[in-house]
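Scroll down for the structure; my scribbles are underneath it.
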Amino acid sequence: MRNIVARPKMTLRPYRSVLYIPGSRARALDKARTMPVDSIIFDLEDAVALEEKASARAVLVAHLLDGGYGSRSQIIRINGLDTPWAAEDIAAIGEVRPEAVLLPKVDNALMIAELGAVMDRHEGFENTQIWAMMETPRGILNAAEIADAPRMGGMVMGTNDLAKDLNTRFDPARAPLFAALGHCVLAAKAAGIVIVDGVYNAFKDEAGLQVEASQGRNMGFDGKTLIHPAQVAISNRVFAPTDEEIDLSERQIAAFEAATAEGLGVAVVDGKIVENLHIETARATLAKAAMIATLEGQA
């Protein structure tokens, strides 16, 4: 029987927009300090050329030590453990005490344990979460065990690599990826960890991004990974509670509290029954909206 790791309920901290920033690009790292994103993935893997791996590592560490990224969640994507660069990535970034380390191409929970063991041999990772790139067929099949692994804090869909390995044809509706996307959402929600959707490659196509981001939000993703600052506003808007959702939540809570005061177990709002489960969702919606407002006020 698989061991289930007990975790507290997932934080309401928003991950609407998760922007990849290459660790080698000092100018982009500087600009990221003022971008209205919820989270940044500082990338030492795919976005960095082979001959720039060492210099990118040094540039990134220097910028993170300088700070200035405010309340934005900070995640560092290292190179895979089977590459020549991973060990030096881990040794270098311990100095900045990273919030989370993102491991690419995770196939199983053993890879999470291996990374955790390597991190434990260095100072600076005592409070660091591990996040997993879900981008291989094997990883998708093992999503539940990966999500339940110790230290896991989140999953990131790598839809480009996954589509390549599955040999799918391009479909703007992403139908060939539905099974994988849904499977990972189930695994993440069951484990109580964050899960963010893959990137939308056509960064100038605002209408297309709107459609795909809305699809991801409807599926239950907490946010979307982005490859360009021009995508941030749309992602922030799609994954935030709407004015209509906030208004409905407030009315549901008021009606339910009034019904409870009269000794009733349910209320009626807009002709629909409102029970305690709806109130949990309503309160979570209002809490998330409040946190977003606070973060945007600090940006």
Side-chain angles (χ1 to χ4, degrees), residues 5 7 15 18-26 28-30 32-33 39-69 72-136 138-139 142-143 145-158 161 188 191 193-196 199 225:
V5 178
R7 290 191 178 87
Y15 286 86
V18 183
L19 181 65
Y20 284 102
I21 299 289
S24 57
R25 294 178 57 189
L29 292 169
D30 285 333
R33 293 186 172 98
S39 181
I40 302 171
I41 295 177
F42 299 100
D43 194 12
L44 295 175
E45 194 216 10
D46 282 349
V48 178
L50 300 185
E51 63 274 12
E52 295 182 341
K53 294 291 186 183
S55 60
R57 194 182 299 125
V59 168
L60 176 58
V61 168
H63 278 75
L64 293 180
L65 287 175
D66 284 344
Y69 294 98
R72 299 164 185 83
S73 168
Q74 299 173 38
I75 303 165
I76 301 176
R77 181 163 71 169
I78 63 171
N79 290 277
L81 295 177
D82 59 346
T83 70
W85 310 287
E88 293 185 38
D89 288 345
I90 296 168
I93 65 176
E95 185 178 3
V96 304
R97 299 187 175 276
E99 177 180 334
V101 172
L102 176 59
L103 184 64
K105 296 179 175 58
V106 176
D107 281 338
N108 50 56
L110 290 176
M111 295 177 68
I112 302 299
E114 182 182 355
L115 173 57
V118 176
M119 289 163 55
D120 285 343
R121 294 198 289 268
H122 298 272
E123 293 185 359
F125 296 102
E126 293 79 11
N127 298 310
T128 301
Q129 292 183 341
I130 296 175
W131 284 42
M133 288 295 306
M134 305 301 293
E135 52 188 342
T136 70
R138 182 69 62 187
N142 291 326
E145 72 168 47
I146 293 169
D148 285 332
R151 299 182 73 156
M152 276 290 292
M155 288 177 159
V156 178
M157 296 305 303
D161 281 278
I193 63 175
V194 178
I195 182 164
V196 293
V199 301
T225 45

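If you read the sequence from its start, that first residue is 1, and numbering goes on from there.
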Please enumerate all residues that pass salt bridge (charged side-chain N to carboxylate O under 4.0 Å, His left out) together with Asp107, with sequence neighbours excluded. none
Any salt bridge (charged side-chain N to carboxylate O under 4.0 Å, His left out) pairs touching residues 109-122, not counting sequence neighbours? Asp120-Arg151
Tell me which donor-acceptor pairs under 3.5 Å the side chains of residues 58-69 have, and how far apart each pair is, sequence neighbours excluded?
residue : atom : partner : partner atom : Å
His63   : ND1  : Val59   : O            : 3.0
His63   : NE2  : Asp30   : OD1          : 3.2
Tyr69   : OH   : Leu29   : O            : 2.9

On a heavy-atom basis, which atom in Ala188 and which in Ile195 lie closest, and how many Å separate them? CB-CB, 3.6 Å
Go through the structure and list residues passing ring-ring contact (aromatic ring centres under 6.0 Å, His included) with Phe125, not counting sequence neighbours. none
Quick check: closest heavy atoms across Ala132 and Ile146, and the distance to 0.1 Å? CB-CG2, 3.9 Å
Apply side chain to side chain contact (heavy atoms under 4.5 Å, CB included) to His122 and Ile90, showing your working. CA-CA 8 Å; His122 298 272; Ile90 296 168; 3.9 Å; yes
Shortest non-hydrogen contact from Gly23 toward Val48: N-CG2, 4.2 Å
Just so I know, are the side chains of Trp85 and Leu50 near enough to count as touching, which here means a heavy-atom distance under 4.5 Å? yes
Exactly one candidate in Ile41, Val156, Ile40 meets side-chain contact (heavy atoms from CB on, under 4.5 Å) with Ile75; the answer is Ile41
Side-chain contact, heavy-atom cut-off 4.5 Å: Ile93 with Val101? yes
Holding to side-chain hydrogen bond (donor to acceptor under 3.5 Å, both in side chains), I want the full list of residues that pass it with Glu45, two or more places apart in sequence or in another chain. Arg77
Which atom of Ala100 lies closest to which atom of Thr128, heavy atoms considered: CA-CG2, 3.8 Å
I want to check something: taking the side chain as every heavy atom from C-beta on, are Leu81 and Leu103 in contact at a cut-off of under 4.5 Å? yes
Scanning both residues in full, the closest heavy-atom pair of Gly80 with Pro104 reads N-CG, 3.6 Å
For Gln129, side-chain hydrogen bond (donor to acceptor under 3.5 Å, both in side chains) partners two or more places apart: Trp131
Set out, in order, the CA-CA distance, both residues' side-chain angles and the distance that settles side chain to side chain contact (heavy atoms under 4.5 Å, CB included) for Ile78 and Leu115, then state yes or no. CA-CA 10 Å; Ile78 63 171; Leu115 173 57; 3.9 Å; yes
If you define the side chain from C-beta out and look only at heavy atoms, does anything of Gln74 sit under 4.5 Å from Pro98? no
Apply side chain to side chain contact (heavy atoms under 4.5 Å, CB included) to Ala143 and list each qualifying residue two or more places apart in sequence or on a separate chain. Met134, Met155, His183, Cys184, Ala187
Pro150 and Ile112 have their tightest heavy-atom pair at O-CG2, 3.8 Å
Can you run down the side chain to side chain donor-acceptor pair (under 3.5 Å) pairs that involve residues 91-101, sequence neighbours left out, and say none if there aren't any? Arg13-Glu99, Ser73-Glu99, Arg97-Glu126
Using only atom types and a distance under 3.5 Å, with no angle test, would you say the side chain of Asn79 pairs donor to acceptor with the backbone of Thr83? no
If a pair satisfies salt bridge (charged side-chain N to carboxylate O under 4.0 Å, His left out) and one of its residues is in residues 51-62, list it, with sequence neighbours excluded. Arg57-Glu88, Arg57-Asp89
Is the shortest heavy-atom distance from the side chain of Leu102 to the side chain of Ile76 under 4.5 Å? no
